[in-house]
Amino acid sequence: MSADAAKFGSEETKPDLASQKIGLLSSHTEVAKAAEAMLRRRYAWADTDDADVLVALGGDGFMLQTLHAMLDAGTPKPVFGMNRGTVGFLMNEWRLDRLSERIAGAKAIRVAPLQMTATTDTGEVRRHAAINEVSLLRETRQTAKIEILVNGRVALPELACDGVLVATPAGSTAYNLSARGPILPLAAKMLALTPISPFRPRRWSGAILPDDTAVCFRILEAENRPVSAVADQVEVRDVVNVEVSLDRERSLTLLFDPEHALDERIAMEQFAT
C-alpha cells in the first residue's frame, strides 16, 4: 500500500467510521438513495463539511459532480465511490459490509484537473476545471475550423472537424476513447489531443503531449462556424479562443479497493474487446 493510502488507515489499524470522520453523499436516483438509507442505518457518519473522507454513491457523473463541487469550494477531500449508477468506471463495487476496512485499506489515486480558459465572441472570459476532458464542438451543421497552438507555436494551422478535445489519463477512456483517441496509463504524465470526426487534414489522428503542455485553440470563421467549449459537464457557447493546461495546484484524491483500482482499470481497457 502506498504512503498516500496509509494516511487513511492500514490493515493493522481499522478504526470505525465515526473515528475516521467519514461523510456520506448520494445522487438523487432511487437506487442511490436506497443504498444511502441502508448505510445510514448501519454506520454512524460525520457531517460532510467536517469529514476528512467522503463516500459517494452513484455513477461516474455523480463522482465528477462531487469532485467539481470540492474544487469550486477549494476543499478537496479523498472520495471513496461506490457504484449505484450505470458504468461506474470511477467507482468501487457496491457492498454494504466491511466499509471501514475497505476505506482503511484503500489505494489512493491522485488526479490533476485541466484548467480551461474560454473567451467568447463578446469578450467574456470563463474559467472551468475538467477532470476528464475539455472538448470543442461545432454548434451548427457546418464543420468547425480551428487553429491549434502548442506551447504558443502553431502546430496545426487549420483543422476542419466536428470538434477536438484534450483528455487527461483519467478521462482517456471516456469521450476520448469514443473519438478513437489513445488510452493513457495513469502514470504516463501525458495528455491526449484528439480530433472529433476530422475532415481536413484527413490523416491527422491527434497527438500525445507531455502534461506540462499548454494547448490553445483559436476558432476560425467563428461568426459563420460557431463552436462551444465543454469542460466535463459545463458548456461555454460561441467561443473564439480556448486555452487548456493541467492545473497541478488542485489535485484530487480518489480511493479504490486495491484489487480494482483506477490505474489498473485504465491499463486493462487496452485489452477490452
Side-chain angles (χ1 to χ4, degrees), residues 1-111 113 129 131-132 170-171 173-174 186 232-233 250-266 268:
M1 184 171 60
S2 69
D4 288 332
K7 291 192 300 183
F8 309 114
S10 67
E11 289 300 321
E12 289 73 28
T13 59
K14 298 178 181 178
D16 60 27
L17 294 186
S19 65
Q20 288 192 54
K21 294 183 68 176
I22 298 174
L24 181 61
L25 299 170
S26 74
S27 72
H28 296 299
T29 66
E30 184 176 339
V31 173
K33 286 299 181 186
E36 179 186 9
M38 286 189 283
L39 285 170
R40 290 199 181 279
R41 286 194 295 268
R42 176 69 63 92
Y43 303 105
W45 299 89
D47 184 88
T48 54
D49 291 336
D50 297 328
D52 299 317
V53 181
L54 297 176
V55 170
L57 305 173
D60 289 341
F62 182 68
M63 175 60 82
L64 289 175
Q65 178 184 328
T66 300
L67 296 173
H68 277 284
M70 290 192 296
L71 282 175
D72 292 341
T75 57
K77 301 176 182 181
V79 183
F80 185 91
M82 285 198 287
N83 187 23
R84 293 286 79 192
T86 306
V87 178
F89 195 80
L90 298 174
M91 314 299 277
N92 295 283
E93 179 184 345
W94 157 253
R95 294 201 300 270
L96 182 62
D97 298 325
R98 301 179 63 83
L99 183 56
S100 59
E101 289 90 338
R102 292 176 71 188
I103 294 174
K107 181 177 182 179
I109 300 292
R110 279 194 167 85
V111 296
I131 296 156
N132 276 353
T173 57
L186 205 58
D232 283 347
Q233 301 158 332
R250 299 197 295 169
S251 65
L252 296 156
T253 302
L254 284 75
L255 302 177
F256 291 93
D257 293 319
E259 68 276 11
H260 205 45
L262 182 63
D263 51 354
E264 181 181 345
R265 293 187 203 183
I266 291 174
M268 294 309 295

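Judged purely by atom type and a 3.5 angstrom limit, N83 has no side-chain atom pairing as donor or acceptor with the backbone of M91. A distance-only check finds no donor-acceptor pair linking the side chain of W45 to the backbone of A51 [under 3.5 Å]. At least one donor-acceptor pair under 3.5 Å links the side chain of D60 to the backbone N or O of F89. No donor-acceptor distance shorter than 3.5 angstrom exists from the side chain of D257 to the backbone of E259, with no hydrogens or angles considered. When atom types are taken as modelled, the side chain of D232 and the backbone of N132 share a donor-acceptor pair closer than 3.5 angstrom.
Annotation: salt bridge (Lys or Arg N to Asp or Glu O under 4.0 Å) contacts involving residues 30-40, sequence neighbours excluded, comprise K33-E36, E36-R40. Applying the salt bridge (Lys or Arg N to Asp or Glu O under 4.0 Å) test to every pair with at least one member in residues 84-97, sequence neighbours left out, gives these pairs: R42-D97, E93-R95.
With rounding to the nearest 0.5 angstrom, the CG atom of L54 is 8.5 Å from the OG1 atom of T75. Remark: D263 CG to M268 CE distance equals 12.0 Å, nearest 0.5 Å. Once rounded to the nearest 0.5 Å, the distance linking CZ of F256 with CZ of R265 reads 5.5 Å. A distance of 11.0 Å separates OH of Y43 from CG of L24, quoted to the nearest 0.5 Å.
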>> Determine whether L252 and V79 satisfy the following criterion, side chain to side chain contact (heavy atoms under 4.5 Å, CB included), listing intermediate values before the conclusion.
In response: CA-CA 9 Å; L252 296 156; V79 183; over 6 Å; no
>> Could you walk me through whether D50 and K21 satisfy the salt bridge (charged side-chain N to carboxylate O under 4.0 Å, His left out) test, starting with their C-alpha distance in whole Å, then the side-chain angles of each, then the deciding distance to 0.1 Å, before giving a yes or no?
In response: CA-CA 7 Å; D50 297 328; K21 294 183 68 176; 5.8 Å; no
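By the side-chain contact (heavy atoms from CB on, under 4.5 Å) test, A129 is found to be paired with H68, L71, P113, R250, residues two or more places apart in sequence or in another chain being considered.
Of all heavy-atom pairs spanning A56 and F62, the tightest one is CB-CE2, 4.0 Å. When all heavy atoms of A261 and K107 are compared, the closest pair comes out as CB-CD, 3.8 Å. Across all their heavy atoms, P258 and A106 have their closest contact at CD-CA, 4.5 Å. Shortest non-hydrogen contact noted between D52 and P78 is O-CD, 3.3 Å. Across all their heavy atoms, I103 and F80 have their closest contact at CG1-CG, 4.1 Å.
If you run side chain to side chain contact (heavy atoms under 4.5 Å, CB included) between L254 and each of I131, L67, N92, only L67 comes through.
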